[in-house]
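The block underneath contains the structure these notes are about, expressed in structure tokens.
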Amino acid sequence: MNGYIVRQPIKDVEDNVVGYEILYDNGQHGALTRQGVSDYAAADAIYNFLNDNSGKLVRDTTSFMTFTPTLLFKNTPKLFDQRRLVVQIEDDVVVHPMATRIVQRYRSEGYCIAINDFQFNTRYFSMMDDVEYIKLNVAANTESWLSNIVQMAHSMNKKCIATGIKSQELYDLAHRVGADYFQGSYVADRVKTKVHKASYLQSNFFQLVVEVTKDEPDIDEIENLIARDASLTYALLRMANSVYYASRRHASSVRQALVTVGLGQLKQWVYLMSCTQQGEDLKESEEFLRLSFLRANFCAELAGHSPVLEISKSEAYLLGMFSTLPYLINAPLEETLSEIPLSDDVKNALLAHEGNSGILYDLVLSYEKADWTAMTELATKIEIPTEVLTNVYFDCVDMVNTIWDSLNTKDALEEEVK
């Protein structure tokens, strides 16, 4: 498949992620997502890709996905668990002579239905009995129109999702008109006003506590546990390069930091962190920790496909990992990075988006935003074949999902620690 697929978060009024929209493209920059498609072959390619990767796309979360008439007739939604999928339809389905029957069939089978870019006309209102969500593009409509549609939808017990939010102004507009959920590049990157000085994923941390207290700790496992968490990685590198260890060589990776610190000091550090984090609510930062882990792996894997990058895969990993530090550490990024010996290429990429490493960083950000045009241009600049992007991305998504599933044993780990 030559197209691209990415997940974009949908958040509620508290900034909690309630699901992800699966955005896809057939290589013609949006032809399958927002403009409809008449090419059966392109739809068939999407079907085949989803068939091979459905387990990676949808796992323990609600996914919103747009289906063309062709994909609906091919029963593509049935590749997914109806409890975790919202079937989105557009005007090409609404105007289809079989539209009502198609929607009613999927609704009767337990799928939720959403209408993209709702329009104020009879065709759309005729489907309202079978629809749970209405999606409204806040950038393309007036405030009065949006407010009227939201009020109408709420009177019919429908939820409204404000889309196309690319700025604080549009985010505020969506709030004023009473939208229930929010989506767009600004929403995906939105920073919570409350920032922790050093937040980390508790369930992952308890696994680390268990590992360091074993009679024969597994260094490889300790490295893996720390490397999947941006805050723990930063804290360990900072300690390993502190004045206390100044006589030793600089540590620029998790493995080097572990060697520098040693198991004895590592245990004391872990116990100290377990005390300082007691009772702290990590709900706000968990999404960014998860995002940092995904970016780290995505950057590292893409680096292996570029013949022109000056940084190693391990450096590319840190580039992605530390891209979320502004959300997790209550300090300017430049000040934060000055405390750990990252290469100039990585620092310049994070601070100024400079050099080929900056292009790699921008490529990952463009992919997340479904900016297919920019993404293609950036991949070309650093000679990464565009046809590998989607497979690499979803291999990374699948790995992150698998690891996050393993972190759901927090209660058992807490008992073991006690």
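Side-chain contact annotation: T70 with T68, donor-acceptor N/O pair under 3.5 Å absent. Neither side chain, T373 nor E377, offers a donor N or O lying under 3.5 Å from an acceptor on the other.
For the pair E301 and K313, the salt-bridge criterion is met [side-chain N within less than 4.0 Å of a carboxylate O].
With rounding to the nearest 0.5 angstrom, the CG atom of L389 is 6.0 Å from the CG atom of L302. Distance CG/D130 to CD/Q104: 5.0 Å, rounded to 0.5 Å. To the nearest 0.5 Å, the span separating CZ on R7 from CG on L23 amounts to 11.5 Å. Atom CD1 in I161 sits 9.0 Å away from atom CG in L136 (nearest 0.5 Å). Here the CD1-CD distance, from I165 to Q183, works out to 8.5 Å after rounding to the nearest 0.5 Å. Within the model, atoms OG of S253 and CG of L342 stand 10.5 Å from one another, a figure rounded to the nearest 0.5 Å.
For K381, the salt bridge (charged side-chain N to carboxylate O under 4.0 Å, His left out) test picks out no residue, with sequence neighbours left out. Listed by chain and residue number, I10, D12, Y181 satisfy the side-chain contact (heavy atoms from CB on, under 4.5 Å) test with V18 (two or more places apart in sequence, or in another chain). For A140, the side-chain contact (heavy atoms from CB on, under 4.5 Å) criterion is met by N137, not counting sequence neighbours. With sequence neighbours left out, the side-chain contact (heavy atoms from CB on, under 4.5 Å) criterion links S323 to R295, L350, Y361. Remark: E223 engages D220, V254, R255, L258 in a side-chain contact (heavy atoms from CB on, under 4.5 Å) (not counting sequence neighbours). With sequence neighbours excluded, no residue satisfies salt bridge (charged side-chain N to carboxylate O under 4.0 Å, His left out) with E383. Scored by the salt bridge (charged side-chain N to carboxylate O under 4.0 Å, His left out) test, D91 finds R123 as partners (sequence neighbours excluded). Listed by chain and residue number, nothing satisfies the salt bridge (charged side-chain N to carboxylate O under 4.0 Å, His left out) test with R101 (two or more places apart in sequence, or in another chain). The ring pair (Phe, Tyr, Trp, His ring centres under 6.0 Å) test applied to Y106 returns Y111, not counting sequence neighbours.
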Query raised in the report: Would E221 and L225 count as a side chain to side chain contact (heavy atoms under 4.5 Å, CB included) if you check the C-alpha gap in whole Å, the side-chain angles of each, and the deciding distance to 0.1 Å?
Result: CA-CA 6 Å; E221 180 62 16; L225 289 168; 3.7 Å; yes

**Report entry** Worked check of side chain to side chain contact (heavy atoms under 4.5 Å, CB included) between D395 and N297
**Finding:** CA-CA 9 Å; D395 283 344; N297 285 280; over 6 Å; no

Query raised in the report: Is there a side chain to side chain contact (heavy atoms under 4.5 Å, CB included) between M98 and F73 once you walk through the steps?
Result: CA-CA 10 Å; M98 297 290 290; F73 286 130; 4.2 Å; yes

Query - Intermediate values then yes/no, side chain to side chain contact (heavy atoms under 4.5 Å, CB included), T76 and F67 - result: CA-CA 8 Å; T76 308; F67 293 91; 3.8 Å; yes

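A salt bridge (charged side-chain N to carboxylate O under 4.0 Å, His left out) check over residues 138-150, counting only residues at least two apart or in different chains, returns the pairs E143-R176. Sorted by first and then second residue, the ring pair (Phe, Tyr, Trp, His ring centres under 6.0 Å) pairs involving residues 123-154 (not counting sequence neighbours) are F64-Y133, F118-Y124, F118-F125, F120-F125.
Taking a 6.0 Å sphere around NZ of K158, one finds it holds more than 12 heavy atoms contributed by other residues, nucleotides or ligands.
Ring orientation note: the planes of H175 and F182 are close to parallel, at an angle under 30° on the 30°/60° scale.
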In a table with atom names and distances, give each donor-acceptor pair under 3.5 Å that connects a side chain of residues 353-360 to protein atoms at least two apart or in another chain.
from	atom 1	to	atom 2	distance (Å)
H353	ND1	D362	OD1	2.5
N356	ND2	V308	O	3.4
N356	ND2	E310	OE2	3.4

